[in-house]
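The chains referred to below are lettered A, B, ... by the order of the sequence lines, with proteins before strands, and numbering in each begins at 1.
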Number of protein chains: 2
Amino acid sequence: MNPLALEAQMCFPLYAAARAMQRAYRPLLTELGLSYPQYLTMLVLWERDGMPVNAIGTRLHLDSGTLTPLLKRLERRGVIERRRRAEDERVVEVYLTEEGHQLREQAEQVPLQLLCKVDLPREDVAELRTTLTELLARLESA
Amino acid sequence: MNPLALEAQMCFPLYAAARAMQRAYRPLLTELGLSYPQYLTMLVLWERDGMPVNAIGTRLHLDSGTLTPLLKRLERRGVIERRRRAEDERVVEVYLTEEGHQLREQAEQVPLQLLCKVDLPREDVAELRTTLTELLARLESA
DNA sequence: GCCCATTAAGTTGCGCACAATTAAATAGAG
DNA sequence: CTCTATTTAATTGTGCGCAACTTAATGGGC
């Protein structure tokens, strides 16, 4: 087979599936008033509130060039607050507002709704998740 | 486990791995003078030359809002030409230039180089590709 | 032939990603 | 204590992705 064929490679299905996933999330997230990357950022903050921009970036593999404007939009949206750390003025810590905390309850339903849309066997999903995480690790280290 | 945890969901590994893949491709594609989506577009054209914008879009799941400026950049780059179809002036057909054809030979090496970077067992890659294609199909139909 | 629905590309506007650079604060060597 | 290197965000510029809309050409009903 042609080694350059779209379907012969892993990269295109990965690219296409990632975008299709975002499209599947979009209607659900629109109800929350969040974009997909904003939703991921909120997931991080719901896990641990008050994280520095830096730490959020490490978690999501994003840099300040992406996060700074994204966080400003989340702040305008009213779900977070950005505060300079008093002991080290370089660091900006990100805190959930009351509205940000409340939004979590609405968000709880999202993952299940999504899984229904996908309708893949539970174990296939788990295995895909594992393999992708493995792939990610190898790509990061290379 | 917290259902909203990043690692509990499939969406984040998919998002992160897709971006890590693009980062892994970047240095290889920079040598060809192409971005990642431009490379995918060239893959489509190397398979079949002279495709209408529309058909390229179907193949890559992209619309004219993305493709039109991308194709203009590929044209400036000198690897393609855009020509209106004579029998139907609505259609723009995309043709490889001589340079575009030649670029294919350089590109032939890219997929293998990438697989080396990833260094996953051959059958894992094949299975991942299959599962992602399946996932894509289900997301598209939903 | 005329009108209207359809189809194809292009345009506009916004929000990521990411490279490269800048600005500001801190830490550490001497 | 001072000077320099490091760390952290922010800024700038480019190229996607995609929704919404516009423009232009075609086709089909009458």
Side-chain angles (χ1 to χ4, degrees), chain A residues 11-12 15-27 29-30 33-42 51-77 80 82-94 139-140, chain B residues 11-12 15-27 29-30 33-42 51-77 80 82-94 139-140:
Chain A
C11 69
F12 175 65
Y15 164 82
R19 283 170 40 229
M21 183 65 80
Q22 291 203 33
R23 279 194 296 273
Y25 267 97
R26 189 177 305 270
L29 297 182
T30 298
L34 297 175
S35 73
Y36 187 72
Q38 288 168 10
Y39 168 71
L40 294 176
T41 305
M42 293 302 286
M51 286 180 83
V53 173
N54 212 4
I56 299 174
T58 302
R59 198 93 169 76
L60 297 177
H61 308 273
L62 291 172
D63 67 6
S64 67
T66 302
L67 280 176
T68 297
L70 184 153
L71 291 169
K72 283 181 182 174
R73 284 186 286 270
L74 282 179
E75 194 167 38
R76 266 210 315 274
R77 163 80 178 76
I80 65 161
R82 290 151 70 246
R83 296 207 291 268
R84 293 249 167 218
R85 180 186 291 172
E87 318 87 84
D88 186 344
E89 292 278 335
R90 289 172 301 183
V91 176
V92 169
E93 294 173 330
V94 183
L139 285 169
E140 290 292 307
Chain B
C11 68
F12 175 66
Y15 163 81
R19 283 169 41 229
M21 182 66 79
Q22 292 202 33
R23 279 194 297 271
Y25 267 98
R26 189 176 306 269
L29 297 183
T30 298
L34 296 175
S35 71
Y36 187 72
Q38 287 167 10
Y39 168 71
L40 295 177
T41 305
M42 293 302 286
M51 287 180 82
V53 173
N54 213 3
I56 299 173
T58 302
R59 199 91 169 77
L60 298 177
H61 307 275
L62 291 172
D63 66 8
S64 68
T66 301
L67 279 176
T68 296
L70 185 152
L71 292 169
K72 282 183 182 173
R73 284 185 287 268
L74 282 178
E75 193 168 39
R76 267 210 314 274
R77 163 81 178 77
I80 65 160
R82 291 151 70 247
R83 295 208 292 270
R84 293 245 167 223
R85 179 185 291 173
E87 318 88 85
D88 186 346
E89 292 277 335
R90 289 172 303 182
V91 176
V92 169
E93 294 173 330
V94 182
L139 285 169
E140 290 292 306

Taking every heavy atom of B:G33 against every heavy atom of B:Q38, the minimum-distance pair comes out as O-OE1, 4.1 Å
Heavy atoms of A:R85 and A:P52 approach each other most closely as NH2-CG, 3.8 Å
Would you say [X] reaches [N]'s phosphate, i.e. side-chain N/O to OP1/OP2 under 4.0 Å?
| X | N | answer |
| --- | --- | --- |
| A:R73 | C:dC16 | yes |
| A:R82 | D:dA10 | yes |
| A:T68 | D:dA10 | yes |
| B:Y36 | C:dA17 | no |
| B:Q38 | D:dC16 | yes |
| B:K72 | D:dC16 | no |
| A:R19 | D:dC18 | yes |
| A:R23 | D:dC18 | yes |

If you round to the nearest 0.5 Å, how far is [atom2] of [Y] from [atom1] of [X]?
| X | Y | atom1 | atom2 | answer |
| --- | --- | --- | --- | --- |
| B:T66 | B:I56 | OG1 | CD1 | 12.5 Å |
| B:L60 | B:L67 | CG | CG | 6.5 Å |
| B:E93 | B:M51 | CD | CE | 10.5 Å |
| A:L74 | A:S35 | CG | OG | 7.0 Å |

In whole angstrom, give the distance that lies between atom [atom1] of [X] and atom [atom2] of [N].
| X | N | atom1 | atom2 | result |
| --- | --- | --- | --- | --- |
| A:R90 | D:dA9 | CZ | C1' | 11 Å |
| A:R26 | D:dA19 | CZ | P | 5 Å |
| A:Y15 | C:dC16 | OH | C1' | 14 Å |
| A:L62 | C:dC18 | CG | P | 7 Å |
| B:E89 | D:dG27 | CD | C1' | 16 Å |
| A:E93 | D:dA9 | CD | C1' | 13 Å |
| A:E75 | D:dA10 | CD | P | 10 Å |
| B:D63 | D:dC18 | CG | C1' | 6 Å |

When we call it a touch if two heavy atoms are under 4.0 Å apart, what does [X] touch: a base, just sugar-phosphate, or nothing?
| X | result |
| --- | --- |
| B:T66 | base |
| A:L67 | nothing |
| A:R85 | nothing |

Which comes earlier along DNA chain C counting from the 5' end, the contact point of A:L70 or that of A:D88, where each point is its nearest nucleotide?
->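 It is A:L70, whose closest nucleotide lies nearer the 5' terminus.
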Report task. Answer with yes or no whether B:S64 presents, from its side chain, a donor or acceptor under 3.5 Å of a partner atom in the base of C:dG10. Result -> yes
Taking for A:G65 and for A:Q22 the nucleotide of DNA chain D with the nearest heavy atom, the one nearer the 5' end belongs to A:G65
Check: Would you call the rings of B:F12 and A:H61 parallel, tilted or perpendicular, where under 30° means parallel and over 60° means perpendicular?
Finding: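 Rings of B:F12 and A:H61: parallel, under 30°.
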- Please list residues of residues 51-61 of chain B whose heavy atoms come under 4.0 Å from any atom in DNA chain D, ordered by number; otherwise none.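 Within this stretch, B:H61 sit under 4.0 Å of the strand.
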query = Is any side-chain heavy atom of B:I80 less than 4.5 Å from a side-chain heavy atom of B:M42?
reply =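 Yes, close enough: below the 4.5 Å cut-off.
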